[in-house]
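Every chain is numbered from 1 and lettered A, B, ... according to where its sequence line falls, protein lines coming before strand lines.
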2 protein chains.
Amino acid sequence: MITSKKTSRPRASKLARPSGPARHPVPAHVLRSFTPARHDHRRCVSAALSKADATCNASGRRLTPLRRRVLELVWRSHTPVKAYDLLAALGREREQAAPPTVYRALDFLLEAGLVHRIASLNAFVGCGEPGPGHTGQFLICTACGTVAELDEPALSKTIAASAERLGFEVRRETIEIAGLCAGCRRRGAD
Amino acid sequence: MITSKKTSRPRASKLARPSGPARHPVPAHVLRSFTPARHDHRRCVSAALSKADATCNASGRRLTPLRRRVLELVWRSHTPVKAYDLLAALGREREQAAPPTVYRALDFLLEAGLVHRIASLNAFVGCGEPGPGHTGQFLICTACGTVAELDEPALSKTIAASAERLGFEVRRETIEIAGLCAGCRRRGAD
DNA sequence: GAAAACAGGTTAGATGATAACATCAAAGAA
DNA sequence: TTCTTTGATGTTATCATCTAACCTGTTTTC
């Protein structure tokens, strides 16, 4: 995952989202869209880190160098990243890196709402719109591995209605939809 | 899980669902409801096994003694069962029981649609309405551990609509809603 | 009855996650 | 400032979950 990251090309400074006639314009409820084929991923990552700095400052949380570094590694890829891949990446750049190092950082980032855990993959993705309250709704492409994050109130509303009828009190929603993203369908991925 | 199963009382042969004025009558889209406090669980399990026999016969799959036994162990409890609890239970009744024994049986049962995997718990539950095509929608009570399975077309429809707008082709839905069931709320569980 | 396909046993190990305790640094109180 | 408390991380060990690979025996199919 981490190892297979495509080296981003700094000079391809098109807009982050292609300006041509997109076949599937990104609706407003999409917190994190599928990766445009070519985009300046450096910008993508640094934007995420800036947001993280801001939200941590605002909430009085300490985004330490280690935590920030783990967040950066998570954002390095648009596909979910495994804890042990993070561990390996950390191990390459510093002496000390044991499982608790990574898991503690991830716990912090999860709690701060900066990353999400994808239960069906045992993996983690950066959150496109950090902050409390929004729940995980994900579309996961099984071909390219990319994840899009939704915040679809209609979905939560439907769930709430269904739960209501059974007298069930909703606390946490795990919604992970696996399938094929538009790009992979177009190029005929299975 | 397996170890903490309540011994079912064979003589309490009320109906499986209480006939009194239920506060939350079970709607039709509920494939597997929260356990009524008292029900003849033996009947519950044997019904599941009969259904399994039937669907396997119909589809030409071989529900071997081992697979059938694992399915029975899964159904022993209305809460999701962990693979290693199954392994321990098997180990008590036969010599040979290693992880692959259980995981292979579970793979078969998953494929046959006889059990579901709850990704957020790394655990398995029996499927209330075996057969292909229906996707996992679960309400999970964090207090008593019981799981209800839904087949709420409105939910799938909402997801389909959302995916459609992004050109995403849905293949598999993982919907796991954690919270409190009616019973646990009533008795004031946290 | 031989070949092929399938079920299961067995060994080993990869991957995922946590407990428990030690150390050091930052933040707040005296 | 110095002391004290809290929080972050290092370190070791272990538990939990899942899979690969290879082998044996049993059905199924031809």
Side-chain angles (χ1 to χ4, degrees), chain A residues 1-4 52-53 56-57 59-71 73-74 79-112 114-125 145 174 176, chain B residues 1-3 52 56-57 59-71 73-74 80-112 114-125 174 176:
Chain A
M1 302 291 159
I2 282 288
T3 53
S4 71
D53 287 329
C56 284
N57 263 322
S59 63
R61 290 180 216 260
R62 295 170 55 192
L63 188 61
T64 62
L66 176 62
R67 291 166 173 174
R68 198 169 192 278
R69 180 68 185 133
V70 170
L71 181 60
L73 288 170
V74 169
T79 62
V81 180
K82 302 256 178 183
Y84 272 62
D85 290 329
L86 292 171
L87 186 55
L90 278 181
R92 255 172 263 128
E93 60 195 40
R94 47 161 71 202
E95 283 309 299
Q96 339 81 308
T101 307
V102 162
Y103 282 104
R104 282 196 285 236
L106 286 171
D107 282 346
F108 170 87
L109 296 171
L110 284 169
E111 182 129 357
L114 297 170
V115 304
H116 289 291
R117 196 184 123 84
I118 310 288
S120 59
L121 301 175
N122 292 332
F124 303 82
V125 280
T174 300
E176 299 172 7
Chain B
M1 300 293 160
I2 283 289
T3 54
C56 284
N57 263 322
S59 64
R61 288 180 217 260
R62 295 169 54 193
L63 188 60
T64 62
L66 176 62
R67 291 166 173 175
R68 199 169 190 279
R69 180 68 185 133
V70 170
L71 180 59
L73 289 169
V74 169
V81 180
K82 301 258 178 179
Y84 271 66
D85 290 328
L86 293 171
L87 185 56
L90 278 181
R92 256 172 262 129
E93 60 194 42
R94 48 162 69 204
E95 283 307 299
Q96 339 82 308
T101 306
V102 161
Y103 282 105
R104 281 196 285 237
L106 287 171
D107 282 346
F108 170 87
L109 297 170
L110 284 168
E111 184 130 355
L114 297 170
V115 304
H116 289 290
R117 196 182 124 84
I118 310 288
S120 59
L121 300 176
N122 293 332
F124 303 82
V125 279
T174 300
E176 301 173 6

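Residues satisfying the side chain to side chain contact (heavy atoms under 4.5 Å, CB included) test with Asp53(A), not counting sequence neighbours, are Leu63(A), Arg68(A). For Thr64(A), there are no side-chain hydrogen bond (donor to acceptor under 3.5 Å, both in side chains) partners, not counting sequence neighbours. For Arg62(A), the side-chain hydrogen bond (donor to acceptor under 3.5 Å, both in side chains) criterion is met by no residue, not counting sequence neighbours. Every residue was checked against the side-chain hydrogen bond (donor to acceptor under 3.5 Å, both in side chains) condition with Arg67(B), not counting sequence neighbours, and none meets it. Looking at residues two or more places apart in sequence or on another chain, you find a side chain to side chain contact (heavy atoms under 4.5 Å, CB included) between Ala97(B) and Leu87(B), Leu90(B). Ala98(B) meets the side chain to side chain contact (heavy atoms under 4.5 Å, CB included) test with Pro100(B), Thr101(B); sequence neighbours excluded.
When all heavy atoms are compared, the tightest approach of Ala83(B) to Val102(B) is O-CG1, 3.7 Å. Of all heavy-atom pairs spanning Leu114(B) and Leu71(B), the tightest one is O-CD1, 4.0 Å.
Between the axis at the start and the axis at the end of the helix from dG1(C)-dC30(D) to dA30(C)-dT1(D) there is an angle of 30°, using five pairs per end and rounding to 10 degrees.
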Each nucleotide of nucleotides 11-25 of chain C classed B (base within 4.0 Å of a protein heavy atom), S (only sugar-phosphate) or -, in 5' to 3' order, makes B----BBBBB-----

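Side chain of Glu176(B) to main chain of Ile118(B): no donor-acceptor pair is present (N/O by atom type, distance under 3.5 Å, no hydrogens or angles). Although no hydrogens or angles enter the test, the distance criterion places a donor-acceptor pair under 3.5 Å between the side chain of Lys82(B) and the main chain of Leu121(B).
Scanning DNA chain D 5' to 3' for nucleotides with an atom closer than 4.0 angstrom to a non-hydrogen atom of chain A gives a first and last hit of dG7(D) to dT12(D).
Tested against Arg117(A) for a side chain to side chain donor-acceptor pair (under 3.5 Å), the candidates Asp107(A), Asn122(A), Thr174(A) yield a single pass: Asn122(A).
Rounded to whole Å, the distance from CG on Leu87(B) to P on dG9(C) is 11 Å.
Counting heavy atoms from C-beta on, the side chains of Leu86(A) and Val74(A) come closer than 4.5 Å. Looking at heavy atoms from C-beta onward, Val70(A) lies in side-chain contact with Leu109(A) at the 4.5 angstrom threshold.
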Interface polar pairs with nucleotides 5-7 of chain C, N/O, under 3.5 angstrom:
{"residue": "dA7(C)", "atom": "OP1", "partner": "Arg67(B)", "partner atom": "NH1", "Å": "3.1"}
{"residue": "dA7(C)", "atom": "OP1", "partner": "Arg67(B)", "partner atom": "NH2", "Å": "3.3"}
{"residue": "dA7(C)", "atom": "OP2", "partner": "Arg67(B)", "partner atom": "NH2", "Å": "3.4"}
{"residue": "dA7(C)", "atom": "O5'", "partner": "Arg67(B)", "partner atom": "NH2", "Å": "3.3"}

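Backbone-only engagement by Arg94(B) is indicated by non-hydrogen atom pairs under 4.0 Å involving sugar-phosphate atoms exclusively.
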